[in-house]
2 protein chains.
Amino acid sequence: MVQKKDLVGADKAEGKRRGRPRAYAPDVAIGQALSLFRRTGYAATSLDDLSAATGMNRPSLYGAFGDKRALYIKSYHRYRDDYTAGAVDIFNADIDIRERLTRFLTLALDIHMTGEAGPSGCFTVMTVASDAIADPEIRALVREGFKDIDDAFVWCFRTAIARGELPDTIDVTVRAQMASAMIYLSAVRSRAGMPRAEIEATLVGAVEQLCQA
Amino acid sequence: MVQKKDLVGADKAEGKRRGRPRAYAPDVAIGQALSLFRRTGYAATSLDDLSAATGMNRPSLYGAFGDKRALYIKSYHRYRDDYTAGAVDIFNADIDIRERLTRFLTLALDIHMTGEAGPSGCFTVMTVASDAIADPEIRALVREGFKDIDDAFVWCFRTAIARGELPDTIDVTVRAQMASAMIYLSAVRSRAGMPRAEIEATLVGAVEQLCQA
DNA sequence: CCATTATTGTGCGAGACGGTACGAAAATCA
DNA sequence: TGATTTTCGTACCGTCTCGCACAATAATGG
């Protein structure tokens with residue numbers, strides 16, 4: 001949970017920094033903060049908890065990332081970056097619609113299932129369900145996140161039509177949003193503690209249903 | 001937000017109580033607590049907030065419902081009761097599968113859209129996304145809630161097959177869970193602030209898709 | 001009219017919380 | 001070595017938090 005004090009490698013790109021070296025790697029700390037935020041949510045996660053999880057004391061935490069809200073937003077961006085990194089391969093792969101949807105939903109399930117103390121679910125859904133959604137900036141991030149997923153699935157179905165795998169009579173928008181809904185299902189049920197196999201079976205069945213002509 | 005001090009009618013069924021009369025109606029207070037919990041979540045809602053929302057001071061709140069956790073659980077039961085009350089009519093109605101699914105999803109959307117300061121979403125999804133999910137009892141309640149909705153949709157599709165509206169070759173379980181997923185979509189997107197018409201259009205399209213032979 | 005019962009509401013106390021000031025520590029630079 | 005720069009880490013502030021003690025209040029019972 002806590003970073004090692006030595007061998008941080010914080011000064012990888014830039015030349016030797018002037019003062020006392022940092023005892024942490026900022027990107028590692030963000031990852032640990034993200035883990036904790038995902039497990040316990042925004043309000044229930046204290047700065048002391050974050051301090052313990054990152055191995056940084058509160059002032060360092062504040063100095064490096066700003067206040068709790070700023071750290072949360074940085075964690076959110078980290079989450080999104082991790083997510084999209086995994087999605088790129090699926091976009092580029094030369095596979096049919098069933099395979100593509102399956103990979104997307106499996107990727108989501110993988111992410112939702114991660115967590116040191118049980119599955120943590122989807123950070124975006126966590127955020128929308130928290131009081132943090134009252135914050136306009138966070139609200140905008142969340143909506144953007146949902147839209148990106150919708151767009152990804154729209155692209156999937158359009159590509160499938162272009163490849164002749166589905167007729168162009170289907171309602172691409174509706175199918176894409178139903179696929180998004182299956183991600184919400186994965187998020188919610190994984191966090192509720194339902195067994196992975198059960199959720200996976202549902203997703204597989206949904207893919208089949210969504211790929212019907 | 002705050003209950004009127006007079007004309008409570010707390011002593012409706014039981015005979016005259018002995019001591020000083022209550023300045024609140026317990027069921028009204030639970031409803032107000034539920035509203036607040038739905039808006040701000042478990043951790044971010046303080047007893048002071050609940051006190052202000054119900055018009056009861058903290059000691060009365062504590063004496064009447066126990067601590068915050070107990071009040072949350074009571075609020076959850078209230079939410080479920082309200083929900084199921086609306087669902088009964090839909091179960092009993094002599095309507096086809098499209099109409100039945102539409103009514104269920106519209107009922108869900110109605111609930112998710114309620115809230116004094118914008119849509120509050122689904123209390124069950126809020127709970128699963130909060131740190132309260134670490135509590136075994138609350139966890140069990142949530143899973144039970146999800147299962148009930150699944151079962152309701154399974155019943156819908158089975159009934160549709162029995163009425164000859166759908167072939168018995170469809171995967172009832174998968175379709176039911178996809179319908180549940182559309183409820184999660186309603187919950188998540190309403191709280192994210194997406195316009196009702198947009199969500200409604202998605203639900204309508206999904207019903208059509210789910211009722212395809 | 002007084003005792004009894006039940007609730008109200010002020011107000012307290014110990015602790016957690018977010019955030020920050022300030023001196024100690026550890027590096028580089030001259 | 002000594003000055004400078006940057007970070008670390010203790011210690012602290014004001015506020016909020018939950019939960020409860022205790023007296024005032026308002027009803028009923030005799």
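Since the model is a prediction, treat every value here as computed from it, not as a measurement. Heavy-atom basis, side chains included; hydrogens, waters and symmetry copies ignored. Convention: sequence-line order gives letters A, B, ...; per-chain numbering from 1.
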Of A:R18 and B:A43, whose nearest nucleotide on DNA chain D comes first from the 5' end?
A:R18
Determine yes or no for a side-chain-to-main-chain donor-acceptor pair under 3.5 angstrom, with A:R191 supplying the side chain and B:V128 the backbone.
yes
B:Y24 has an atom OH; how far is it from atom P of D:dT25, in whole Å?
20 Å
Starting at CG of A:L47 and ending at C1' of C:dA16, how long is that distance when rounded to a whole Å?
12 Å
For A:R22 and D:dC8, give me the distance from atom CZ to atom C1', rounded to whole Å.
12 Å
Can you list the residues that meet the side-chain hydrogen bond (donor to acceptor under 3.5 Å, both in side chains) rule with B:Y79, with sequence neighbours excluded?
none
Who passes ring-ring contact (aromatic ring centres under 6.0 Å, His included) against B:Y83, sequence neighbours left out?
none
ring-ring contact (aromatic ring centres under 6.0 Å, His included) involving B:F37 - partner list, sequence neighbours excluded:
B:Y72
Quick check on contacts: within residues 58-69 of chain A, what sits under 4.0 Å from DNA chain D by heavy-atom distance?
A:R58, A:P59, A:S60
How long is the line joining CZ of A:R20 and C1' of C:dC29, in whole Å?
19 Å
In whole angstrom, what separates A:L50's CG from C:dG19's P?
11 Å
Given atom CE of A:M56 and atom P of D:dT7, what is their separation to the nearest angstrom?
10 Å
With sequence neighbours left out, the residues meeting side chain to side chain contact (heavy atoms under 4.5 Å, CB included) with B:R78 are B:D27, B:I30, B:L34, B:D82
Between A:G19 and A:N57, which has a closest nucleotide on DNA chain D that is more 5'?
A:G19
By side chain to side chain contact (heavy atoms under 4.5 Å, CB included) - contacts of B:R103 (at least two apart):
B:I90, B:A93, B:I95, B:E99
